Amino acid sequence: MPHIDARADEDDLWPTDAEGAERVQQRLAERVRVETLPAAQVSLVAGVDVSYAADDSALVAAVTVLDTASLRLVEAQVEVARPRFPYVPGLLAFREVPPLLKALERLECEPDVYLCDGFGLAHPRRFGLACHLGVLLERPTLGVAKSAFVGRATDPGAERGAATDLVDDGEVIGRVLRTRTGVKPVYVSTGHRVDLAGACDLVLRLCPRYRLPEPIRHADQLSRARLAER
DNA sequence: GCGACAG
DNA sequence: ATCTTGTCGC
């Protein structure tokens, strides 16, 4: 059960317009902290994802929690709702975080880290979905995106584990990581209270067989299945 | 000004 | 994101 940071409740966290949303990002971005996440302390890993109906009339936000060592499913929760914010590149969190928080509130266990489908610091204002969720939960988060957004990088080697820096404005904002030999790489970036190297190590550990981390795959399948049931 | 643009 | 099955390849 997540606890929303008291300070974050003071003002309007969910503006309806893009201008207000960007101001919220600039304000909350100051709270992001990059810290090391001891691998020994990660026993429960959560994956979050959101699926949408083709006509955008409904969405299903899902969270799945896996035991890091065995990769067995420990718990799963969903939130069915109607989209309240349009998809705008750079403002994805305003569309997905509200329903995700609802699903997370139903969780009985406490994940040690949350893997998000999207970016963290690798964002125009250095405050992507993973940072947003992490700051509101005040919990460790990281982002794993399937395609490029901001920054430049050279292609990592073809072997699993190969990685290159994602650079923007002279700063390393993430890593392009090959999780499967010969398969398109993923984009890993810090969300909150984790460091880039630790995030990449964890992501690689969670990808023993597929391109995407197991927690995210499970959340994706669950959200999609619940959407189809309607 | 024009195109690109996480999910 | 979503519309969509089978199929080629390791």
Side-chain angles (χ1 to χ4, degrees), chain A residues 14 18 21-22 24-25 28-29 32 47-64 78-103 114-135 141-153 158-160 166-169 173-192 196 199 203 208-213 215-230:
Chain A
W14 310 107
E22 289 189 15
V24 170
Q25 292 182 322
L28 297 183
V32 173
V48 300
D49 190 33
V50 182
S51 289
Y52 301 87
D55 61 2
D56 214 43
S57 64
L59 66 75
V60 176
V63 53
T64 57
V78 301
E79 159 72 4
V80 180
R82 297 182 69 91
R84 295 294 186 179
F85 199 92
Y87 168 66
V88 179
L91 300 180
L92 179 63
F94 292 86
R95 180 172 169 79
E96 305 203 332
V97 171
L100 281 174
L101 288 175
K102 288 287 189 179
Y114 296 77
L115 273 64
C116 307
D117 197 339
F119 290 101
L121 287 179
H123 176 277
R125 288 167 291 284
R126 303 295 182 262
F127 198 69
L129 171 64
C131 296
H132 209 134
L133 190 63
V135 165
T141 60
L142 63 88
V144 178
K146 300 180 290 297
S147 61
F149 188 26
V150 294
R152 291 191 46 171
E159 306 307 307
R160 165 184 153 85
L166 181 59
V167 181
D168 189 42
D169 279 316
I173 57 176
R175 296 272 283 172
V176 180
L177 176 65
R178 189 88 63 183
T179 56
R180 294 295 292 166
T181 297
V183 173
K184 181 182 179 183
V186 296
Y187 299 74
V188 179
S189 58
T190 283
H192 186 50
L196 193 50
V203 168
R209 185 169 180 192
Y210 299 97
R211 179 194 180 212
L212 297 177
I216 290 181
R217 287 187 59 246
H218 283 283
D220 175 64
Q221 295 175 354
L222 175 59
S223 63
R224 199 171 315 211
R226 294 303 276 277
L227 188 63
E229 289 175 9
R230 317 183 77 253

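The shown structure was predicted, so the numbers you read here are calculated from the model rather than taken from an experiment. Naming: A, B, ... by sequence-line order, numbering from 1 per chain.
- Within 4.0 Å of G143(A), counting heavy atoms only, lies no atom of the nucleic acid at all.
- A donor and an acceptor atom, one from each side chain of E96(A) and Y87(A), are nowhere located under 3.5 Å apart.
- For S51(A) and dT2(C), the shortest distance from a side-chain N or O to OP1 or OP2 is below 4.0 Å.
- Between dC5(B) and S147(A), no contact under 4.0 Å exists linking OP1 or OP2 to a side-chain N or O.
- For the pair R217(A) and Y210(A), the distance from NZ or CZ to the six-membered ring centre is under 6.0 Å and the angle to the ring normal is within 45 degrees.
- Using bins of under 30°, 30° to 60° and over 60° for the plane-to-plane angle, the ring pair H132(A)/F94(A) lands in the perpendicular bin.
- Residue D49(A) is in sugar-phosphate contact alone, with no base atom involved, counting any heavy-atom pair closer than 4.0 Å across all strands shown.
- Within a heavy-atom distance below 4.0 Å of DNA chain B, no residue of residues 218-230 of chain A is found.
- Minimum atom distance to the side chain of K146(A) is reached by dA1(C), of the listed dA1(C), dA6(B), dC3(C).
- Here Y87(A) packs flat against the base of dG7(B); its ring centre is closer than 5.5 angstrom to the base's six-membered ring, tilted by less than 30 degrees.
- Between atom SG of residue C116(A) and atom CD1 of residue I216(A) there is a gap of 7.5 Å, rounded to the nearest 0.5 Å.
- Once rounded to the nearest 0.5 Å, the distance linking CG of D49(A) with CZ of R224(A) reads 7.5 Å.
- One interatomic measurement links the two molecules: CZ of F119(A) to C1' of dA6(B), which rounds to 5 Å at whole-angstrom precision.
- At the heavy-atom level, A148(A) lies under 4.0 Å from the strands shown only through sugar-phosphate atoms.
- One can place CG of D55(A) at 10 Å from P of dC3(C), the figure rounded to the nearest angstrom.
- Here the P atom of nucleotide dT2(C) and the CD atom of E96(A) are 10 Å apart, to the nearest Å.
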